Amino acid sequence: FPLEANAFDGDAVKAFEVLGDHIEGMPEFNLVVLDSLSTFLTRAAEDDILSFFSRMKVLCDQGRALVCTAHSHAFEERVLTRARSVCDAHLRLLVEPGASELVKTMEIAKVRGAELATGSIISFSIEPGIGMRIIPISKARA
């Protein structure tokens, strides 16, 4: 479902309200992916951002899954810390230079209920027709 940022004339509060109403109004979907919230996060106040994430957390507590993507620069550090505390998981995607190509990595920064374990950084590639392929760390660093 396309969400046009211009449709809300820079009113992030209205965008979060409409988006939340839309998601709540489709209970037949167990998984919702929001890509990307960056535009709305940069225009919203801290309380509005946290209210949206809290509202979505209620849906998750009812058995639905919600995946949100956002650029890290869209959050002020203290807002990111508070939003992360509401969420069940926080994954960081990075692109880093490798020996001969750029390497995509995913850092598992938080998963509620899981013990922090070493090896929480995974290198991967995306291949058409295959999907996500995990790259052994020794090959990623070579």
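In this text, all values refer to a predicted model and were calculated from it rather than measured experimentally.
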Distance check, rounded to the nearest 0.5 Å: [X] atom [atom1] versus [Y] atom [atom2]?
X	Y	atom1	atom2	result
Ser123	Leu94	OG	CG	10.0 Å
Ser125	Glu101	OG	CD	8.0 Å
Arg55	Asp21	CZ	CG	4.5 Å
Leu93	Ile122	CG	CD1	10.5 Å
Ile126	Lys104	CD1	NZ	7.0 Å
Thr69	Asp35	OG1	CG	3.5 Å

What pair of heavy atoms forms the shortest contact from [X] to [Y], and how long is it?
X	Y	answer
Leu41	Ala70	CD1-CB, 3.5 Å
Ile49	Ala44	CG1-CB, 3.7 Å
Lys57	Val86	CD-O, 3.3 Å

Worksheet entry | Trace of the salt bridge (Lys or Arg N to Asp or Glu O under 4.0 Å) decision for Arg82 with Glu46 | CA-CA 9 Å; Arg82 292 184 64 195; Glu46 179 176 343; 2.6 Å; yes
Between [Y] and [X], is there a side-chain heavy-atom distance shorter than 4.5 Å?
X	Y	value
Arg133	Phe124	no
Leu37	Phe53	yes
Leu34	Leu66	yes

Worksheet item: So Lys14 and Asp48, salt bridge (Lys or Arg N to Asp or Glu O under 4.0 Å) or not? Walk me through it.
Response: CA-CA 10 Å; Lys14 181 68 174 169; Asp48 300 324; over 6 Å; no
Fill in: Ser38 side chain to His71 backbone, donor-acceptor under 3.5 Å
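Pair found, side chain donor or acceptor close to backbone of His71.
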Discussion item. Whether the side chain of Lys110 engages the backbone of Cys87 through a donor-acceptor N/O pair (distance < 3.5 Å, no angle test) should be reported.
Written reply: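 Looks like yes, one N/O pair under 3.5 Å.
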Is [Y] reachable from [X] through a run of I, L, V, M, F, W or Y residues, each pair having side-chain heavy atoms under 4.5 Å apart?
X	Y	result
Val67	Met106	no
Met132	Val111	yes
Val13	Leu50	no

Worksheet entry | Verdict with supporting geometry, Thr39 and Phe8, side-chain contact (heavy atoms from CB on, under 4.5 Å) | CA-CA 11 Å; Thr39 301; Phe8 299 100; over 6 Å; no
Worksheet entry | Pair Asp9 + Arg43: basic N to acidic O under 4.0 Å |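 No, Asp9 and Arg43 are not salt-bridged.
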Worksheet entry | Residue from Val32, Leu31, Val58 passing side chain to side chain contact (heavy atoms under 4.5 Å, CB included) with Arg64 |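 Result: among Val32, Leu31, Val58, Val32 is the only option passing the side chain to side chain contact (heavy atoms under 4.5 Å, CB included) with Arg64.
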Worksheet item: Does His90 have any ring pair (Phe, Tyr, Trp, His ring centres under 6.0 Å) partners at least two apart in sequence or in another chain, and if so, which?
Response: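 Checked His90 against ring pair (Phe, Tyr, Trp, His ring centres under 6.0 Å); zero matches.
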Fill in: From CA spacing to verdict: side-chain contact (heavy atoms from CB on, under 4.5 Å), Met56, Ile23
CA-CA 9 Å; Met56 296 300 101; Ile23 293 168; 3.9 Å; yes
Worksheet item: Would you call the rings of Phe16 and Phe52 parallel, tilted or perpendicular if under 30° counts as parallel and over 60° as perpendicular?
Response: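 It falls in the parallel class, under 30°.
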Worksheet item: For Asp61, does the CG atom have more than 12 heavy-atom neighbours from other residues, nucleotides or ligands under 6.0 Å away?
Response: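 Above 12, so yes.
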Item to complete: Kindly determine whether Leu91 and Glu107 satisfy side-chain contact (heavy atoms from CB on, under 4.5 Å), including the steps that lead there.
Response: CA-CA 6 Å; Leu91 308 175; Glu107 178 184 356; over 6 Å; no
